[in-house]
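Take a look at the structure below.
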Number of protein chains: 2
Amino acid sequence: MKDQMAPVMSASKSEILDAAAVVFMDLGVDVASIDDIARHLGSTKGRIYHHFASKGVLLSEVCLRAADFTYRKVALVIDPDAAPDKNLRNMILAHVPEVLRTLPYHKVIRQTYPGINQKSTTQVERDLHQRIHAERDRYEGLFRAELRRGMTDGIFRQQNETIALHGMLLLVNAPVIWYTPRADEPEGFALEIARQTADMAVRALS
Amino acid sequence: MKDQMAPVMSASKSEILDAAAVVFMDLGVDVASIDDIARHLGSTKGRIYHHFASKGVLLSEVCLRAADFTYRKVALVIDPDAAPDKNLRNMILAHVPEVLRTLPYHKVIRQTYPGINQKSTTQVERDLHQRIHAERDRYEGLFRAELRRGMTDGIFRQQNETIALHGMLLLVNAPVIWYTPRADEPEGFALEIARQTADMAVRALS
DNA sequence: GCAAGACATACTACTCAGTATGTTGTCAAT
DNA sequence: ATTGACAACATACTGAGTAGTATGTCTTGC
């Protein structure tokens, strides 16, 4: 992934992506304008267009960055020798806190999951959409693999894989919908969300 | 609900709502234009504006109709004397086929669940947004009530209600994301989706 | 014959993505 | 010390798309 992008992302580009994620989260990816994002940054859209060829490219880069956040965390905790339910639980315990930590990005992912809607696209954008799709398949593949192993081992019940996988993934990503960080939030609430979500996911499959 | 709306919706208005749901599903609620919907109908936007004061009103009416579809089906199957897990299962068995039958509407619901994004709104639109929110709370309340009864009765495990409820609801609505009707789809697939989803949901809570 | 509803057509004003041009600061070469 | 190139912005501009409105036409019902 890193070898496919510029070796080091500039601080300005990173700042723009963060601002874009927040504004896309607040206004919606289609309603938010480049000017809205520039205002959030306290700059003008000339700055944004210097780093990103189009709004569609900017949105795609936000999505790719979001995918990278969770992939990096989850891939690290998978142990091929561990039982599928244990792996799955650990994956979710890694996934959920990272999602909560980078919530704007994942709210953008949620909006664009069915696809990025544009009435016309450039080849660059189409290529980026394919990369996003590939990243998503790769990430979902981590969960699918554990689900399959679990069904083969008898740890998870035998059932339709598509229904089971997507049901479980939507459950796991539910906090993207309802969670909003609060100043008065109890200590360890993020961990409680992760634990309970992992617990529910494993039970749903068992 | 019905007493709050015109007693009988005209056939033309109903046709417009159906077309709007499909076009909103395909293009996204913000990318789709009133002209897009008119084209889908084989008419012009004059027709649409005759029945709906604005695009925002049209979108809101699509959402309200969607909410009505599932509420009507699910409210009918709730038995106050039944065990919470049985009720929940029956609710999901009623909910899922209706969602699949009216899929465009629910894809629109999914897009607008965090809120309908408009840079400016009329009072009529704000009032409609409040109705939508109230309808959603009322519907979710049906599920919340069974979850609470189940946790009180010990049928469902004691856990954070918000995490449990939203996780379960997202799992139940997962088919909105991945399901697409296919001509070669096996007989009874919709029922299989409903059964497996109900099963997973009850297990997730137990 | 007239009123009203249900459309179609023509028009307006605004927003927006993207582009062209200008400015400034930094850095390297001389 | 100077100069030129270039990156990183800001500003001004353009063209297209869009929501919504005004007006016209046709049909229907009384």
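What's counted below: heavy atoms across the whole structure, side chains too, no hydrogens, waters or symmetry copies. Note on naming: letters A, B, ... go to the chains in the order of the sequence lines (proteins, then strands), and numbering restarts at 1 for each one.
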Next item on the list: Using a cut-off of strictly less than 4.0 Å between a heavy atom of the residue and any atom of DNA chain C, enumerate the qualifying residues of residues 47-55 of chain A by number.
Entry: A:Tyr49, A:Ser54, A:Lys55
Note to self: If the condition is salt bridge (Lys or Arg N to Asp or Glu O under 4.0 Å), which residues does B:Glu98 pass it with, not counting sequence neighbours?
What the structure shows: B:Arg101
Below 3.5 Å between N/O atoms, which protein atoms pair up with nucleotides 21-24 of chain C? Just atom names and distances, please.
none

Notebook entry, point to check: Between A:Arg65 and A:Glu135, is there a side-chain N and carboxylate O pair less than 4.0 Å apart?
Noted result: no
Item checked: Which residue lies more 5' along DNA chain C, comparing B:Lys45 with B:Ser10 via nearest heavy atoms -> B:Ser10
Next item on the list: Indicate yes or no: at least one non-hydrogen side-chain atom of B:Asp26 is less than 4.5 angstrom from one of A:Asn117.
Entry: no
Next item on the list: Return the minimal non-hydrogen interatomic distance between B:Phe156 and B:Leu88, and the atom names on each side.
Entry: CZ-CD2, 3.7 Å
Next item on the list: Report yes if the side chains of B:Gln159 and A:Met200 come closer than 4.5 Å at any heavy-atom pair, otherwise no.
Entry: yes
Notebook entry, point to check: Can we say B:Asp68 and B:Arg72 salt-bridge, meaning some charged N sits less than 4.0 Å from an Asp/Glu carboxylate O?
Noted result: yes
Note to self: Can you see whether A:Tyr179 has A:Lys107 sitting over its ring - NZ or CZ less than 6.0 Å from the centre and within 45° of the normal?
What the structure shows: no
Next item on the list: Taking the side chain as every heavy atom from C-beta outward, state whether A:Arg157 and A:Ser206 have any atom pair closer than 4.5 Å.
Entry: no
Next item on the list: Report yes if the side chains of B:Asp30 and B:Gln118 come closer than 4.5 Å at any heavy-atom pair, otherwise no.
Entry: no
Notebook entry, point to check: Taking 4.0 angstrom as the limit, do A:Arg89 and A:Asp85 come out as a salt bridge?
Noted result: no
Next item on the list: Using heavy atoms and a sub-4.0 Å distance, could you list which residues of residues 30-44 of chain B are near DNA chain C? By number, please.
Entry: B:Ser43, B:Thr44
Next item on the list: Only counting residues at least two apart or in another chain, list the ones meeting salt bridge (Lys or Arg N to Asp or Glu O under 4.0 Å) with B:Asp35.
Entry: B:Lys45
Note to self: Using the rule given for salt bridge (Lys or Arg N to Asp or Glu O under 4.0 Å), can you reason through A:Glu192 versus A:Arg195, listing the C-alpha separation, both sets of side-chain angles and the distance that settles it, and then say yes or no?
What the structure shows: CA-CA 5 Å; A:Glu192 184 191 351; A:Arg195 281 182 176 149; over 6 Å; no
Notebook entry, point to check: Just the endpoints, please: which first and last nucleotides of DNA chain D, 5' to 3', lie under 4.0 Å from a heavy atom of chain B?
Noted result: D:dT18 to D:dT21
